[in-house]
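Let me begin by presenting the structure, written as structure tokens, before commenting on it.
Numbering of ligands and ligand atoms starts at 1, following listing order. Note that these values count all heavy atoms, side chains included, but never hydrogens, waters or copies made by symmetry.
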Amino acid sequence: MRSAPTIEVCWMPRGIQQDLEELARDWEPLEVGGVLAGYWNGQAAIVTDFVGPGNDAQHHRYTFVPDDEYHVDEIARLYRESNGATTYLGDWHTHPSGTARLSPLDKRTLRRIANAPEARCPDPLMVLFAGSGHRWGTQVFTLGATRSLLPRSIVPVELRIF
Ligand SMILES: [Zn+2]
């Protein structure tokens, strides 16, 4: 299990960023999302795979409810096929024509993932695509370091596309 200090950099292949933007475009004006997989290296997260929304996801104008069962299965498959190298890193979703800030629900979701033992991901990423058409901005967030009994803050993560 990871602990503080928190994640500082997220490395994402250009192809994955483009695939996610394409999904964002396909679904707008409704939200879409899914999960990200890869591995941790010190304070860096390296994305190697993504999973789309799943057939049972619910797409709305201002919310997205993921197909959790599909995501659990897909993460298990990626873990198995990589002999345990590829694990769950966090979630991604879109804000069509919206802001590049996390909503109160997004923040609750991030904290819920961090605190869920079954997610095995105490420092989850939340990757947000805000925009429309061919203009989407990508922002990455995680939870700040644990400090005594205070709730962990939401902090930005530097995104590096490669
Ligand atoms: Zn959101």
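Listed by chain and number, His93 NE2, His95 NE2, Asp106 OD1, Asp106 OD2 are the protein N/O/S atoms closer than 2.8 Å to the Zn ion (ligand 1), with waters left out.
Taking the side chain as every heavy atom from C-beta outward, Tyr79 and Thr86 never approach each other to under 4.5 Å. Counting only heavy atoms from C-beta outward, the side chains of Asp123 and Leu143 never approach each other to under 4.5 Å.
No more than 12 heavy atoms of other residues, nucleotides or ligands sit less than 6.0 Å from atom CZ of Arg101.
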Acceptor/donor pairs from residues 10-29 side chains to any protein atom, 3.5 angstrom cut, sequence neighbours excluded:
residue: Gln17; atom: NE2; partner: Thr138; partner atom: OG1; Å: 3.1
residue: Arg25; atom: NH1; partner: Gly133; partner atom: O; Å: 3.4
residue: Glu28; atom: OE2; partner: Gly133; partner atom: N; Å: 2.8

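A donor atom on one side chain and an acceptor atom on the other are not found under 3.5 Å apart for Asp106 and Thr109.
Nearest heavy-atom pair, Ser97 versus Ser132, reported as atom, atom and distance to 0.1 Å: OG-CB, 3.8 Å.
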